[in-house]
Amino acid sequence: MFSRKTDLMQRPAWARYGVAVGCVVLGWLAREAITSAIGPTALPFISFFPAVAMAAWYGGLWPGVLAVVLSAVGANWFFIAPARSWSFHTHGDVATMFAFILASSFIIGAMEAMHRARTHAVADDRKRETAELETLRQKELLATTLASIGDAVIATDTEGRVVFLNAHAEELTGWKSAEAAKRPLSEVFRIVDEKTRQPVENPVEKVLRLGTVTGLANHTLLIAKDGRVIPVGDSAAPIRQPDGPLYGVILVFRDVTLQRNAQKASERLAAIVEHSGDVMLTKNLNGMIQTWNASAERLFGYRAEEIIGRHVTVLFPPDRLTEEDYIMGRLREGRHVERLETIRVTKSGQRIPVSVSVSPLKDSDGKIVGASKIVHDITERRRAEESLREAHEQLADHAGQLETLVQERTARLQDVVDELQHVSYAMAHDMRAPLRAMNTFANLLAEKASSDRIDPADAKEYTRRIIVAAKRLDKLIQDALNYTKVAQQEIPLGQVDLSKLVRDLIDTYPNFHADKADILIVNKLPVVSGNDSLLTQCFSNLLGNAVKFVAPGVKPKVRVRAETGNGTARIWIEDNGIGIPKNAQPRLFQMFQKLDAEYEGTGIGLAIVRKVIERMGGKVGVESERGKGSSFWVDIPLARGQNKERMTNK
Amino acid sequence: VSIVTGPILAAEDEETDRFILNLAFQKAKLPYPLVMVRDGSECVDYLSGVGDFADRTLHPLPVLLLLDLKMPRMHGFEVVEWLATRPEFKDLPVVVLSSSPDESDIQKARQLGARDYFVKPLLLDELVKILQQVHKRFLAKG
């Protein structure tokens, strides 16, 4: 094609001008060749016309002009008379020359016109060829594009008949492009509603009807030729000539299974979060709340639309704002905050104990973009813990009380055991003595009576001793019982006026009367908390000892005085008696301890005093020296209201 | 029976028991005099030879001590403890004659240095036997 349509201008200049010169030379040789036949000057230009024509045809305008000039010069020199000169013989020759130039100009003009026409034709050809090529290219490009496009594409004609399916469309519909061609689209592209399973309107028909781009309804299922059901999303567009009528519809669709699954999964996750019983929220790195579930609304009272976009610290009590710095610090390091137990504030301002867990939220590139928070209301747990703690305390209290009770009971039991030991000790020692005496003297009497050698004086003495021993045994038994009673019985406490008690004692017992003893109450004795009859017994014993243990012939002198302080009264009973050696003092208040064999008694009086006073919460003691008298003291709790007013009593 | 040796000393606070002991001693016919003191304190005074007991011709040192435990002013144990501090009495046999059958009292008496321990018997004849046994064991020559 290109060879036929070679452009004149594409020939090199030298060739065009060379050919012009060559043609003129050939024209000259041809004229010379016929000179012998027609004469040297006849028809001087005859062979130059073809030369000019040839030069103009081959070389164009200017090579043609060159050939005319060379031909004119050559013909004038060689073939116009006079030969070999530039001059003309006749006007006819000049006219001939002029005619030659004129004719040649026409020839060149014609040639040039011919050349111009051809050049135009070549340009047109080329343009057309380029356009065709472009069209072809575009077609190929479109075909390739359609074929390789990621979406399925079906093209139809204006009747809605399938023209073309690309590879994806073939794959999804199960139809090959060739077999689908000319079939109605509804046959190849069968779509139904996902829920109702009813056929939905064919998008192409809609485009044809409306003439505009249309999209598929959501939830559309494509039923493939082989029966596969594929969720699809699509759009259809009319194909128009530029500004021209519709000549088809292009339908683009895609398999949205993955997209649908992803969407479902994401919806499921969203539903899980939304309906979770746990409070969940997310925030961005600036701390702005991004999501807020139903439980969060229930706990904090804010609706999602009023809290989203606000800073998370609206939920913080003012004294805990620094926690956010801590949390954000952890998050920036990509670390979690697990079960931070703290306080948050509801919309209504109520403070609630919560456990907060915070995890960084990362985008698909792994960059931290925010945080998710799970908040547990631990009010109940706190309450339970509190109850548990209280229960523990109560239990500990009870255990403590029980312990105390056990100790008290144990001590009480120990007391009882001690008393029993005392009594049994008394049995072993003191009670056996009179028994032994009775036994011995009774036997002696029996022996002597049987041998008839009985001395009446001896008999009398033995009998007397038996009677004394029996009396003593009786006294011991009485005292032991008395002591046991004091040690065991309940002691009802009351207010006892000691002044009155002591005066009554002095009045009652003859041994305490002024003719037998000088008993002086030095100061007013206080009112104490105690048991009247036991205190009477106690002071009776003490005063009795005081007047009893005096050296023979000495009139007892006894001073009774009181000291008070610190809620206690100390009553002193000071005598002028025989005194008690230091080494005997520790045993003094024990049961059946007699200090002096010369003085009558069972040794139980002071044991009873000690027992009585101790059981009323007091103490007893003695300060004494042998031969220098004794000072017994008893401490007794003051009656209520007796403390201050008696402080100064001495 | 000439008094060539010391007496047997008995410390006993109960007057009745002293009477009985005296009867038993006569019945036992021991070749020693019996001297009585009324409590631990008096016993120590006698042994030390102080106060009323300063005259050793009237109150010679005993050859054996019969000791009651539970006595006023000074307990029998205190007497034994006191004796242990006196080297001059290390050869004086101490025999406890007590009302107490308590094993703890018996143990303590032995521990402190008493050579024997008898619980006071109910019958006079038994006390006579105890005295004869004590004599045989600690005082009989050969």
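Being a predicted model, the structure only gives us computed values, none of them experimental. Reckoned from all heavy atoms, side chains included, excluding hydrogens, waters and symmetry mates. Protein chains get the first letters and strands the later ones, always in sequence-line order, with residue 1 at the start of each.
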Would A:Arg436 and B:Glu14 satisfy salt bridge (charged side-chain N to carboxylate O under 4.0 Å, His left out), going step by step from the backbone distance to the final call?
-> CA-CA 12 Å; A:Arg436 211 165 41 237; B:Glu14 285 286 338; over 6 Å; no

For atom NZ of B:Lys136, is the number of surrounding heavy atoms from other residues, nucleotides or ligands below 6.0 Å larger than 12?
-> no

Taking all heavy atoms of A:Leu444 and all of B:Leu124, pick out the closest pair and write down the distance.
-> CD2-CD2, 3.7 Å

For the residue pair A:Ala437 and B:Ile20, what are the closest heavy atoms and their distance?
-> CA-CD1, 3.9 Å

Please flag which part of B:Asp68 lies under 4.5 Å from any non-hydrogen atom of chain A: side chain, backbone, both or neither.
-> neither

Should we count NZ of B:Lys129 as having more than 12 external heavy atoms under 6.0 Å?
-> no

Between OG1 of A:Thr440 and CG of B:Leu23, what distance do you get to the nearest 0.5 Å?
-> 8.5 Å

So does A:Arg409 have more than 12 non-hydrogen atoms from other groups sitting under 6.0 Å from CZ?
-> no

Hey, what do you get for CZ (A:Arg432) to CG (B:Asp17), rounding to the nearest 0.5 Å?
-> 11.0 Å

Can you check whether anything in residues 44-52 of chain B gets within less than 4.5 Å of chain A, heavy-atom wise, and list it by number?
-> none

More than 12 heavy atoms of other residues, nucleotides or ligands under 6.0 Å from CZ of B:Phe118: is that the case?
-> yes

Exceeds 12 heavy-atom contacts within 6.0 angstrom, atom NZ of A:Lys619 | no

Checked B:Leu122, B:Leu127, B:Leu123 vs chain A; the most non-hydrogen pairs under 4.5 Å come from B:Leu122

